[in-house]
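Every chain is numbered from 1, with letters handed out A, B, ... down the list of sequences.
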Number of protein chains: 2
Amino acid sequence: MANEKDLESKWDVQLRKGTLDLVVLAALNGRTLYGLELLQLLHKFETTRITEGTLYPLLDRLKRDGLVTAQWRQEGETRPRKYYALTELGSNKLSAVSRRWQQAVSDINHLLAHPGPAPLNDEE
Amino acid sequence: MANEKDLESKWDVQLRKGTLDLVVLAALNGRTLYGLELLQLLHKFETTRITEGTLYPLLDRLKRDGLVTAQWRQEGETRPRKYYALTELGSNKLSAVSRRWQQAVSDINHLLAHPGPAPLNDEE
DNA sequence: CATTATACCTTGTATAACAAGGTATAATGT
DNA sequence: ACATTATACCTTGTTATACAAGGTATAATG
């Protein structure tokens, strides 16, 4: 029963829910990448080590919502690859979600920095 | 078709998934609060405006996992209230999840701060 | 011609936030 | 007295999404 690591990673999975959209939009900001290339980029960070089963449906959603474009292209000798890029709508969305993210970071850090017992009111 | 606000708030909902456990543990750090009191505290922050239908099942999970204790207590004339407090396990969990959170903030900020086109390798 | 590597896609499962309801009791209004 | 409101906790059904585990197709290699 290797359960302790499972319990740990369950938090990670839930943390990814909700940040992954932001993460993929940010990764595509100023870049045009195909699926596995994007996946490799995200594997450089502990927080964003996702699998293909997560990435492709996510990209489908982003495309469906008009936030990214998808385009098959053949680069030289390689097999065709589907390249994703931000639309202007996606770029705006990235800005909006990024602001939300900064707000969340601020709020949560405030909570972390103010343990009780105390009113946790408007001090300073 | 009041859809634009709905689309905005969908991101918020998903962002809460995965941060709420951390948030509630942090809120209970050094405090002993009953349900609605905890709810009011969380309503002071934009990111953590949740409802009772979210809070009570969440507290049940935390209790089931041994991270918090729940205790009915009657304070003077008021009706009995269920007071929640961190266990030592919960305190340790808060530390662990807090570290994970800092890692996530660091990773995501790195992604946000490094738009392409660029390898996004080990620069500096 | 079997195997491996690359690249994309699909299905089923589990989790968690939420809206919308519910119960019970104390305080207040008329 | 009795209806209403406020407080406090709880439950059910819906929805979204990350993931494991599978699948398809093609090109290069043994």
Open item on the list: Quick check on dA16(C): is either OP1 or OP2 less than 4.0 Å from any side-chain nitrogen or oxygen of R61(B)?
Closed with: yes

Task: Whether H110(A) and F45(B) hold their rings parallel, tilted or perpendicular, with breakpoints at 30° and 60° - done: tilted

Open item on the list: I need the CG-P distance between L59(A) and dT10(C), as an integer number of Å.
Closed with: 13 Å

Open item on the list: Within this structure, what is the CZ-CG distance for the pair R99(A) and L94(A), rounded to the nearest 0.5 Å?
Closed with: 10.0 Å

Task: Interatomic distance, L33(A) CG vs dA7(C) C1' [rounded to whole Å] - done: 15 Å

Open item on the list: Can you measure Y56(B) atom OH to dG21(C) atom P for me and round it to whole angstrom units?
Closed with: 19 Å

Task: R49(A) vs R79(A), nearer the 5' end of DNA chain D by closest nucleotide - done: R49(A)

Open item on the list: With a 4.0 Å cutoff (strictly under), does any side-chain N or O of K82(B) reach OP1 or OP2 of dC10(D)?
Closed with: yes

Open item on the list: Donor-acceptor check, side chain of R16(B) to backbone of T48(B), threshold 3.5 angstrom: yes or no?
Closed with: no

Task: Candidates dA16(C), dC9(D), dC18(C) - which lies nearest the side chain of Y34(B) - done: dC9(D)

Open item on the list: For Y84(A) and G53(B), find the nucleotide of DNA chain C closest to each by heavy atoms; which residue's nucleotide sits nearer the 5' end?
Closed with: Y84(A)

Task: Side chain of Q14(B) (C-beta onward), nearest among dA16(D), dA17(C), dC9(C) - done: dA16(D)

Open item on the list: Closer than 3.5 angstrom, by distance alone: can the side chain of H43(B) be matched with the main-chain N or O of I50(B) as a donor-acceptor pair?
Closed with: yes

- [ ] Name the pairing partner of dA19(C), where a pair is Watson-Crick or G-U wobble with both distances under 3.5 Å, or state none.
- [x] dT12(D)

Task: Donor-acceptor pair present, K17(A) side chain and dT15(C) base, under 3.5 Å - done: yes

Open item on the list: What is the distance, to the nearest angstrom, from the CD atom on E37(B) to the C1' atom on dC9(D)?
Closed with: 14 Å

Task: Distance below 4.0 Å between T51(A) side-chain N/O and dC19(D) OP1 or OP2 - done: no

Open item on the list: Between Q103(A) and D107(A), do the side chains contain a donor N or O and an acceptor N or O under 3.5 Å apart?
Closed with: yes

Open item on the list: Nearest to the side chain of P57(A), heavy atoms from C-beta on, is which of dA16(D), dT10(C), dC10(D)?
Closed with: dT10(C)

Task: Nucleotide dC9(C), atom C1' - distance to CZ of R81(A) in whole Å - done: 17 Å

TODO: Ignoring the backbone of E52(B), work out which of dC9(D), dC8(C), dA17(C) is nearest its side chain.
DONE: dC9(D)

Open item on the list: Whole angstroms only, please: what is the CH2-P distance between W11(A) and dA14(C)?
Closed with: 21 Å

Task: Minimum-distance nucleotide to L36(B) side chain [options: dA17(C), dC8(C), dC9(D)] - done: dC9(D)

Under 3.5 Å, sequence neighbours excluded: what are the donor-acceptor pairs made by side chains of residues 66-73 of chain B?
unit_1 : atom_1 : unit_2 : atom_2 : d
T69(B) : OG1    : A85(B) : O      : 3.4
R73(B) : NH1    : E75(B) : OE1    : 3.3

Open item on the list: Could you tell me how far apart L58(B) (CG) and dC9(D) (P) are, to the nearest whole angstrom?
Closed with: 15 Å

TODO: Check every atom of dA16(D), dA18(D), dT11(D) against the side chain of D60(B) and return the nucleotide holding the closest atom.
DONE: dT11(D)

Open item on the list: Checking base pairs now: Watson-Crick or wobble, both atom distances under 3.5 Å. What partners dT7(D)?
Closed with: dA24(C)

TODO: Figure out the CG/C1' separation between L55(B) and dT12(D), and round it to whole Å.
DONE: 17 Å

